[in-house]
Amino acid sequence: MERRQDIVLGAVFAAMGLFAAVKAAAYSGATGAYPMALSLVLVAFGLLVAVKAALRGRSVPRPLTENTGRALLTVGLSVGYLALVPLLGFYTASALVVLAIPLSLGFRQPLFLVVVTAVFVAIVWAVFSLVLEKPLPAEFWQDY
Amino acid sequence: MDVLNEILGGVFALGSMAAMIGASILGVFIGALPGLNPVMAIALLLPLTYSMEPLVALGMVAGIYNGSMYGGAIPAILLRIPGTPAAIATTFDGFPMAQRGEAARALKIACWSSALGGTASAIALMTIGPVLARATLAFGPAEYFWIAMFGMASIGVLVGRDAVKGLMAAVLGLLMGTVGLDQLSGTPRFTFDQVWLLSGLDLIVILVGLYALPPVIALAEAADLKGLSAAALRLEPAKVSWREVRGLIPTWVRSSLIGIGVGILPGAGGNIAAFLSYNAAKSASKEPESFGKGNPAGVAAAECGNNADNAASMIPALTLGIPGNVVAALVLGALLIHGLQPGPQLFHKNPGLVGGFMLQMLLTSLLILAVGGAAATRVFAQVQRLPGVLLVPTVLVLMAVGVYVINGRVIDLWIMFVAGLAGYVLEKVEVPLAPIVLGLILGPMAEQSVRRALLISRGDVTELVTRPISMTIASATLLLILWPILQVWLRARRARAHEPDMS
């Protein structure tokens with residue numbers, strides 16, 4: 001157990017519980033009673049985790065990532081991908097992310113990557129658009 | 001007779017058969033790829049099943065589950081890398097066998113053991129499930145409430161390292177389950193004036209985020225750029241003699257029973273079943289020192305044990321609505337997608353569907369023998385030549401497309417992503433994710449049950465615990481929650497008793 005992390009964790013859960021309790025207080029009767037009870041229990045468990053950590057926790061750091069740089073890079077590119085889906089269209093944004101993530105993680109076989117991207121996007125298109133006929137965010141070039 | 005016809009007609013229909021075979025093959029591939037796991041695969045698959053027949057969807061879940069549990073043995077034996085957590089015990093003797101040039105023999109034993117364990121487990125599900133379901137007919141709203149609480153408490157206490165964190169996660173899941181319109185009064189709760197929140201948090205969106213994003217980030221962190229060389233994956237042909245098969249029968253029987261027992265217990269998973277089976281085989285062996293050095297019985301015990309957990313974990317899920325593990329929770333999710341409420345009534349209202357799913361668990365266990373044969377295993381082993389970095393964006397795209405097609409909303413992509421990031425951090429700080437999912441699944445049932453019980457009793461809270469069954473389950477739940485505290489107290493008492501008398 002890492003003392004500081006668990007104190008923060010417990011505090012976050014207790015704060016969420018407290019926030020939910022305040023919201024639940026606005027609901028009348030049984031509609032509010034059930035979430036209110038849960039919120040208070042969440043506050044209690046959050047405080048218990050924090051107090052336990054403060055009293056007994058060790059200060060040995062618990063790594064939150066195996067490789068912070070790569071984790072942040074992937075999270076950043078994923079956020080960019082999700083933001084681009086409604087702007088560029090599903091398949092265009094997906095093709096870009098399939099190219100961008102391996103390249104940014106150090107993959108240096110561009111031809112292989114392009115082939116994998118093309119085959120993968122084609123499979124997804126065949127399954128979702130052709131066979132299942134699922135509507136996906138339209139491609140930007142379809143507007144022109 | 002009508003039910004039997006319905007079961008056989010549904011299971012042996014073309015769609016269901018194709019789903020079982022295709023998903024079993026896909027499952028072995030997923031299990032064989034370290035970094036991917038059955039939970040992630042099923043979570044990704046669920047959004048696709050909305051438009052499918054329930055038995056086609058459940059056939060796919062069964063195939064992926066049973067297939068991937070065997071698939072995990074392939075890298076465990078060839079490379080000492082468990083493809084799934086449940087295959088860790090398989091590495092102990094599987095890899096030494098591979099080093100001796102007996103990889104194909106170890107894989108063959110793993111394949112047969114997986115199929116036998118899975119089959120025994122499916123038979124247990126088919127026999128124990130209906131009996132337990134009949135017993136639960138006496139349950140009223142108070143009992144349903146306590147069953148939900150017991151399930152949550154057991155998962156919360158047993159799954160993680162810290163029982164308080166597990167219980168805290170379960171309560172968070174229950175609270176998340178209250179988001180949206182109150183089903184009894186119609187009042188919106190925790191919706192923040194957002195229309196898309198009126199229907200509540202979508203279970204599948206949260207599931208995909210929680211279970212698929214953390215492994216994706218882990219794959220990116222590992223940044224495997226090369227995959228494995230073909231030479232490392234070469235397999236020499238091998239035969240297993242009838243004498244050897246006969247010698248493994250006691251191990252298979254013992255491991256099957258252990259796996260089934262572990263599967264029924266909520267909270268325990270395939271990895272625990274595999275370890276217990278392995279230890280039992282070692283204890284029963286005349287040559288315990290040969291374990292860990294390439295004893296085929298070690299491979300047989302681990303693989304049979306982890307597959308025997310599969311269908312058995314569905315027993316509490318289908319009869320009581322309490323999943324024995326995360327995959328069982330996903331099966332409950334699949335049932336909810338098709339408007340089927342898991343729990344005691346499921347057996348009575350949809351016997352054809354439940355019976356069909358149980359038969360699918362049996363058939364997909366047997367299918368391992370066909371899709372996990374020597375030639376197929378050679379093909380499956382080749383997937384490990386794929387560089388891990390290519391899996392990162394491909395899984396991400398599959399997550400996005402799967403989640404988007406549920407409701408056709410971009411906001412769901414962001415909810416999935418936030419849930420995934422939260423899941424990643426929570427796992428790192430040792431908060432188990434399974435109780436959150438269970439809380440989300442069982443929360444609405446628990447709330448409706450307790451409110452109905454209180455309506456019937458005109459607000460008398462004591463009615464929740466005065467019936468014998470509800471009192472028993474409530475006591476068991478309380479005992480389960482207090483168990484970690486009792487353990488600490490007992491340990492302290494024992495330590496005091498052993499202290500030398502300083503006076």
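Order of the sequence lines fixes the chain letters, A, B, ..., with proteins taken first and strands second; residue numbering starts at 1 for each chain.
Only the side chain of B/Y404 comes within contact range of chain A, with heavy atoms under 4.5 Å apart. With a 4.5 angstrom heavy-atom cutoff, B/A218 does not touch chain A via any of its atoms. Both the backbone and the side chain of A/F107 come within less than 4.5 Å of a heavy atom in chain B. For A/F19, the part lying under 4.5 angstrom from a heavy atom of chain B is the side chain only. Contact annotation for B/T394: both backbone and side-chain heavy atoms come within less than 4.5 Å of a heavy atom of chain A. For A/V98, the parts lying near chain B are the backbone and the side chain together; criterion is any non-hydrogen pair under 4.5 Å. With a 4.5 angstrom heavy-atom cutoff, B/L426 touches chain A only via side-chain atoms. With a 4.5 Å cut-off on non-hydrogen atoms, B/V410 touches chain A through its side chain but not through its backbone. Proximity to chain B (any heavy atom under 4.5 Å) is shown, for A/V75, by both the backbone and the side chain. In this structure, no portion of B/L184 lies under 4.5 Å from any heavy atom of chain A. Residue contact with chain A, scored on non-hydrogen atoms closer than 4.5 Å, involves the backbone and the side chain of B/R189 alike. Both the backbone and the side chain of A/E66 have a heavy atom closer than 4.5 Å to some heavy atom of chain B. At a 4.5 Å heavy-atom cutoff, A/V127 makes no contact with chain B through either its backbone or its side chain. Neither the backbone nor the side chain of A/A44 has a heavy atom closer than 4.5 Å to any heavy atom of chain B. Residue A/L77 does not touch chain B at all, counting heavy-atom pairs closer than 4.5 Å.
With chain B as partner, the option from A/T74, A/V97, A/L48, A/L105 having the largest number of non-hydrogen pairs under 4.5 angstrom is A/L105. The most heavy-atom pairs under 4.5 Å with chain A, out of B/A220, B/P387, B/A446, come from B/A220. Ranked by heavy-atom pairs under 4.5 Å with chain B, the first of A/A30, A/P86, A/G17 is A/A30. Between chain B and the residues A/A33, A/A83, A/G69, the most heavy-atom pairs under 4.5 angstrom are made by A/A83. Contact count versus chain B (heavy atoms, under 4.5 Å) is highest, among A/L113, A/T117, A/V124, A/I101, for A/I101. With chain A as partner, the option from B/V431, B/V392, B/L167, B/T178 having the largest number of non-hydrogen pairs under 4.5 angstrom is B/L167. Highest contact tally toward chain A, considering only B/L225, B/L213, B/L421, B/V405, is held by B/L225 [criterion: heavy-atom pairs under 4.5 Å]. For the set A/P137, A/P135, A/S28, A/G106, the count of heavy-atom pairs under 4.5 angstrom toward chain B peaks at A/P137. Ranked by heavy-atom pairs shorter than 4.5 Å toward chain A, the options B/L413, B/L454, B/V425 are led by B/L413. Ranked by non-hydrogen atom pairs under 4.5 Å with chain B, the options A/V79, A/L73, A/T68 are led by A/V79.
Heavy-atom minimum distance, B/L175 versus A/P35: CD1-O, 3.7 Å. A/V49 and B/K165 get closest at one heavy-atom pair: CG2-CG, 4.1 Å. Here the closest heavy-atom approach between residue A/S78 and residue B/F417 is recorded as CB-CE1, 3.4 Å. Residues A/R70 and B/E221 come closest through the heavy atom pair NH1-O, 2.5 Å.
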Please determine whether side-chain contact (heavy atoms from CB on, under 4.5 Å) holds for the pair B/V397 and A/F90, giving the CA-CA distance in whole Å, both sets of side-chain angles, and the decisive distance to 0.1 Å. CA-CA 9 Å; B/V397 170; A/F90 181 77; 3.9 Å; yes
For A/T65 and B/Y424, run side-chain contact (heavy atoms from CB on, under 4.5 Å): C-alpha distance rounded to whole Å, both residues' side-chain angles, the deciding distance at 0.1 Å, then the answer. CA-CA 9 Å; A/T65 54; B/Y424 178 81; 3.5 Å; yes
Does the pair B/L398 and A/F120 meet the rule for a side-chain contact (heavy atoms from CB on, under 4.5 Å), with working shown? CA-CA 10 Å; B/L398 290 176; A/F120 175 69; 4.0 Å; yes
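Between B/F190 and A/Y27, the ring planes lie perpendicular to each other; the angle is over 60°, past the 30° to 60° tilted range.
Around CZ of A/R4, the count of heavy atoms belonging to other residues, nucleotides or ligands within 6.0 Å does not exceed 12. More than 12 heavy atoms of other residues, nucleotides or ligands sit less than 6.0 Å from atom CD of B/E427. The number of heavy-atom neighbours closer than 6.0 Å to CG of A/L87, taken from other residues, nucleotides and ligands shown, is above 12.
Salt bridge absent: B/K428 and A/E2 never bring a charged side-chain N and a carboxylate O closer than 4.0 Å.
Going from atom CE of B/M168 over to atom CE of A/M16 covers 7.5 Å, rounded to the nearest 0.5 Å. Taking OG1 of A/T31 as the start and CD of B/Q183 as the end, the distance is 12.0 Å to the nearest 0.5 Å. Distance CG/A/L9 to CD/B/E430: 10.0 Å, rounded to 0.5 Å.
Proximity of B/V171 to A/F13: side-chain heavy atoms (C-beta onward) are nowhere separated by under 4.5 Å.
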